[in-house]
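Take a look at the structure set out below.
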Number of protein chains: 4
Amino acid sequence: MAGTSETRTRPGRAALLTAARRTFSSKGYDGASIRDIAQEAGLSLSALYYYFPSKQDALLELICSTFDDFLGSAHAILQESGEDARSQLDALIRFIVRFRIANREGSRVLLRETERLDPERLEIARARQIASNELIKGVVLRGVEQGHFRTPYPEEAVRAVVSFCNSLPLWYREDGRLSPAQLEERYTHFAFRLLEAEPETSCRPGAASPGAVRT
Amino acid sequence: MAGTSETRTRPGRAALLTAARRTFSSKGYDGASIRDIAQEAGLSLSALYYYFPSKQDALLELICSTFDDFLGSAHAILQESGEDARSQLDALIRFIVRFRIANREGSRVLLRETERLDPERLEIARARQIASNELIKGVVLRGVEQGHFRTPYPEEAVRAVVSFCNSLPLWYREDGRLSPAQLEERYTHFAFRLLEAEPETSCRPGAASPGAVRT
Amino acid sequence: MAGTSETRTRPGRAALLTAARRTFSSKGYDGASIRDIAQEAGLSLSALYYYFPSKQDALLELICSTFDDFLGSAHAILQESGEDARSQLDALIRFIVRFRIANREGSRVLLRETERLDPERLEIARARQIASNELIKGVVLRGVEQGHFRTPYPEEAVRAVVSFCNSLPLWYREDGRLSPAQLEERYTHFAFRLLEAEPETSCRPGAASPGAVRT
Amino acid sequence: MAGTSETRTRPGRAALLTAARRTFSSKGYDGASIRDIAQEAGLSLSALYYYFPSKQDALLELICSTFDDFLGSAHAILQESGEDARSQLDALIRFIVRFRIANREGSRVLLRETERLDPERLEIARARQIASNELIKGVVLRGVEQGHFRTPYPEEAVRAVVSFCNSLPLWYREDGRLSPAQLEERYTHFAFRLLEAEPETSCRPGAASPGAVRT
DNA sequence: TATGAATGAGAGTTCATTCAT
DNA sequence: TATGAATGAACTCTCATTCAT
């Protein structure tokens with residue numbers, strides 16, 4: 001949703017964001033120069049300053065828009081997946097896996113370069129980071145309350161689950177051994193095991209939802 | 001014991017390595033300037049170039065020595081922990097947790113800045129990275145063969161376990177809620193759950209070994 | 001006329017080249033810093049890097065453009081000076097003297113700093129150096145074949161003649177005892193003596209052509 | 001003479017001078033670093049400062065000792081070669097050719113790097129440079145007075161002769177086409193032609209003096 | 001007679017950024 | 001909607017030099 005009209009009306013801006021995403025992702029924020037980005041976008045050096053006040057602002061925009069895409073879709077998915085924390089977790093993990101794979105570069109930037117924001121901008125991004133974490137934490141804690149997840153360490157378990165999901169953009173390759181759908185399968189499996197979901201109903205009944213990533 | 005004699009005989013070099021570790025860890029390789037490092041070490045800018053041919057070489061030394069410390073201790077620990085893959089995994093996870101906590105900054109550099117090495121140096125570090133990954137993979141796969149770990153996805157499970165262990169240096173704080181010993185406990189617990197260790201003997205019988213980190 | 005449009009359209013670049021010429025000429029390539037050059041040009045340090053990829057490239061440009069000016073004019077002059085090797089040599093020596101005096105700084109750079117070019121760039125400059133040497137060698141050898149120059153050592157004689165012509169930029173001063181026209185006279189005289197031009201017609205009939213240097 | 005006892009008693013100093021000569025000759029004074037020289041000499045960086053107060057002083061020593069070798073031998077040769085300016089010139093040119101070939105590197109440094117000396121030291125070297133120039137100028141002017149050299153431009157002719165002799169170290173190679181003895185022959189020939197020595201006795205009667213260079 | 005350790009100054013180069021057009 | 005020209009600050013790295021040993 002985000003950026004649609006913008007993409008149509010301001011192709012330069014979109015090209016720069018895409019270029020910044022790719023460049024920050026591969027070289028890191030500090031290792032990527034404005035020149036690198038402009039060249040990747042096929043624009044001039046000064047073009048970036050027409051669309052963004054500064055390099056920091058480009059990074060902030062990138063991070064926030066990625067967070068917003070993530071949060072928007074995640075909320076929608078949770079609302080569609082019923083009351084049971086197990087089905088919610090199932091849907092959520094599957095979405096995270098899809099998102100981290102489809103938005104690999106954006107996720108890398110978000111996960112590794114957020115701390116390069118200056119304090120003022122960091123605060124803005126941090127709010128979304130927290131919202132994002134609370135989302136999954138909420139689901140798990142509800143599942144624990146409901147008695148569906150029996151792990152004795154819910155807080156740390158959440159962190160562990162999030163950790164292995166977030167490691168996806170660091171190693172995933174399109175030409176790899178496993179398809180996104182297979183990875184969805186495995187990562188939900190791992191999450192349920194780690195949270196010690198109750199055996200009989202632990203595995204979500206339905207099949208994998210290999211649908212396109214919601215963005 | 002690595003670096004003992006060096007620390008005594010070449011204090012400048014050791015100070016620089018410590019400063020580089022701290023600075024690379026907090027600012028990233030590209031965000032850390034030689035001046036930052038020298039200042040942190042209390043030496044002049046040029047001192048770094050007396051001991052290291054280049055910034056890249058300082059990074060490589062840092063990464064390799066951290067890998068070597070890790071690998072050296074990990075091998076020793078595996079040899080001391082019997083034949084059973086379960087006790088080996090228990091010892092290994094506990095060691096990794098201790099190591100990632102005790103060598104938080106070195107681990108951050110190793111985990112996040114290795115890819116900043118130029119191709120030639122990257123190859124040198126990559127060899128250790130592979131050795132390190134094979135170590136834990138070996139234990140898990142043996143456990144699967146022995147029938148102790150029943151996960152249907154051993155390869156990906158290893159990655160997941162490694163991922164959540166490696167996330168420790170990203171958030172751990174000395175003034176945090178949990179002690180290293182408690183974290184050892186939780187992370188081994190998670191690992192065994194995720195690998196679906198057989199129930200009756202799954203949890204290692206003995207208590208946590210809160211001993212100092214072996215390095 | 002080289003550089004006219006460039007001079008008009010890119011005054012910064014022209015100012016930098018002039019400054020580089022003067023600075024390399026007086027301090028040598030290695031003794032001249034980028035800061036020296038920029039200051040001489042009245043521009044900032046970084047301006048040089050807007051117009052030239054590197055200090056080496058500025059040197060290369062300087063050397064090649066001087067060579068090209070020299071070769072362009074020299075060819076034109078040879079074509080205007082008839083078939084007789086004696087009149088050709090006369091015109092050529094007179095031109096060289098004028099050129100070395102008028103382009104004193106460029107010539108100093110070309111003659112003394114070419115060997116500071118890195119191998120790759122050296123090759124580019126060397127091609128022009130060879131062309132330049134072949135030009136005068138051709139005239140002399142033709143004169144020897146025609147029987148006009150009777151030196152028993154034509155090859156070395158060429159080198160000697162070129163040597164004393166090229167020494168001009170090392171000592172010539174505008175406030176010196178001799179005018180460029182007088183120097184033309186003497187150096188052609190020397191060249192004809194050294195090559196042992198046949199007596200009766202040895203001295204070129206016409207008067208010295210004190211015209212401006214062709215460039 | 002020079003350096004004999006010194007060479008025996010202070011091998012480090014001699015090694016450094018040789019290394020400095022070679023390095024300054026190939027890279028130029030400003031292009032040669034103290035490290036380059038020390039490495040070439042197989043000594044440590046600081047060794048140079050044990051023997052020489054500074055890089056400038058090493059250059060001065062090199063230039064002066066080369067000048068002194070040259071002047072000492074040249075004076076001796078002039079005294080042995082009779083009263084006739086022609087035989088004196090013959091002997092002198094032959095010596096210069098031999099010296100420039102045998103002391104190729106020292107000559108290159110002397111001829112091209114003297115101007116890198118700071119004002120104070122430049123004065124010291126300049127005195128020898130002038131003495132050196134006066135030497136050959138004296139011979140030529142005497143020859144002109146005696147009526148043996150009939151060039152109408154004695155002053156400039158001297159410069160021309162010196163120029164082509166001094167160009168020797170710039171191109172001479174041991175594996176070249178011509179032997180030192182042959183070059184002696186040609187360069188004296190050129191000098192006599194250029195100075196317009198009287199025909200009948202112009203060529204020095206005796207054979208070439210193939211003796212080793214006097215140093 | 002030499003060297004290892006260290007440094008301040010300065011090298012070439014790149015940086016993010018500005019501004020007139 | 002963009003860009004070419006330019007810059008000050010900072011970068012990595014090398015320099016000549018010093019000094020305790």
Side-chain angles (χ1 to χ4, degrees), chain A residues 9-13 15-16 29-38 41-58, chain B residues 9-13 15-16 29-38 41-58, chain C residues 9-13 15-16 29-38 41-58, chain D residues 9-13 15-16 29-38 41-58:
Chain A
T9 56
R10 309 180 76 179
R13 189 170 208 274
L16 280 168
Y29 174 76
D30 287 306
S33 84
I34 292 281
R35 273 162 185 83
D36 291 334
I37 297 169
L43 288 174
S44 82
L45 215 183
S46 338
L48 200 143
Y49 288 89
Y50 181 75
Y51 292 108
F52 303 96
S54 72
K55 192 189 178 188
Q56 277 277 315
D57 285 296
Chain B
T9 56
R10 306 183 74 177
R13 191 171 204 273
L16 282 167
Y29 175 75
D30 287 307
S33 84
I34 293 284
R35 271 169 187 83
D36 292 335
I37 298 170
L43 287 173
S44 81
L45 205 177
S46 359
L48 198 145
Y49 287 92
Y50 182 72
Y51 291 107
F52 303 96
S54 71
K55 192 188 178 188
Q56 278 276 315
D57 284 296
Chain C
T9 56
R10 307 183 72 174
R13 191 172 205 273
L16 282 167
Y29 175 75
D30 287 306
S33 85
I34 292 285
R35 279 161 182 86
D36 292 334
I37 297 171
L43 286 173
S44 80
L45 207 180
S46 1
L48 199 144
Y49 286 90
Y50 182 71
Y51 291 108
F52 303 96
S54 71
K55 191 188 179 189
Q56 278 276 314
D57 284 296
Chain D
T9 54
R10 310 180 76 181
R13 190 172 208 272
L16 281 168
Y29 175 75
D30 286 308
S33 84
I34 292 281
R35 273 165 185 81
D36 292 333
I37 298 170
L43 288 173
S44 81
L45 217 184
S46 338
L48 200 143
Y49 288 89
Y50 180 76
Y51 291 108
F52 304 96
S54 73
K55 192 188 177 189
Q56 277 276 315
D57 284 297

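Within every chain, numbering begins at 1; the chains are lettered A, B, ... in the order of the sequence lines, protein sequences first and strands thereafter. Both backbone and side-chain heavy atoms feed into the values below; hydrogens, waters and symmetry mates do not.
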Would you mind telling me which residue lines up with the more 5' stretch of DNA chain F, Q56(D) or S54(B), judged by nearest nucleotide? S54(B)
Measure CZ/R13(D) against P/dA2(E) and give the value in whole Å, please. 12 Å
Students often get this wrong, so: under 4.0 angstrom with heavy atoms, is L48(A) touching a base, only sugar-phosphate, or nothing? nothing
Between dT17(F) atom P and L45(B) atom CG, what is the distance in whole Å? 20 Å
Return yes if some donor-acceptor pair links the side-chain N/O of Y29(B) with the main-chain N/O of D30(A) below 3.5 Å, else return no. no
Does a nitrogen or oxygen in the side chain of S46(B) sit under 4.0 Å from OP1 or OP2 of dT7(E)? no
Assign A32(B) to base, sugar-phosphate, or nothing according to its heavy-atom contacts below 4.0 angstrom with the strands shown. sugar-phosphate
How far apart are the closest heavy atoms of L16(A) and L48(A), and which atoms are they? CD1-CA, 3.8 Å
Rounded interatomic separation in angstrom, taking OH from Y49(D) and P from dT17(F): 3 Å
Over all strands shown, is Y51(A) touching base, sugar-phosphate only, or nothing at heavy-atom distances under 4.0 angstrom? sugar-phosphate
Is the closest side-chain heavy-atom distance between L45(C) and I34(C) below 4.5 Å? yes
Please report the closest heavy-atom contact between A41(A) and A15(A), naming both atoms and the distance. CB-O, 3.8 Å
I want to verify a distance call: between dT7(F), dT17(F), dA5(E), whose nearest atom is closest to the S44(C) side chain? dT7(F)
Residues A38(D) and S44(D): closest non-hydrogen pair is CB-O, 3.5 Å
Round to the nearest Å and state the distance from I37(C) atom CD1 to dG10(E) atom C1'. 15 Å
Base dA16(F) to side chain R35(D), donor-acceptor N/O within 3.5 Å cut-off: yes
Rounded to the nearest 0.5 Å, how far apart are OH of Y49(D) and NZ of K55(D)? 8.5 Å
Closest-nucleotide ordering on DNA chain E, the 5'-leading residue of D30(C) and L43(B): L43(B)
Please state how far atom CG in D36(C) lies from atom P in dA11(E), giving the value in whole angstrom units. 7 Å
Interatomic distance where OH belongs to Y50(B) and C1' belongs to dA5(E) [whole Å]: 5 Å
Rounded to the nearest angstrom, tell me the gap between atom CG in L16(B) and atom C1' in dA5(E). 12 Å
Intra- and interstrand pairs of DNA chain E - dot-bracket, Watson-Crick/G-U under 3.5 Å, | marks other strand: .||||||||||||||||||||
Side-chain contact test, heavy atoms from C-beta onward, threshold under 4.5 Å: evaluate it for F52(D) versus R13(D) and give yes or no. yes
Quick one: is dT14(E) close enough that its OP1 or OP2 comes under 4.0 Å of any side-chain N or O from S33(A)? no
Could you check how far CG of D57(C) sits from P of dG12(E), rounded to whole Å? 14 Å
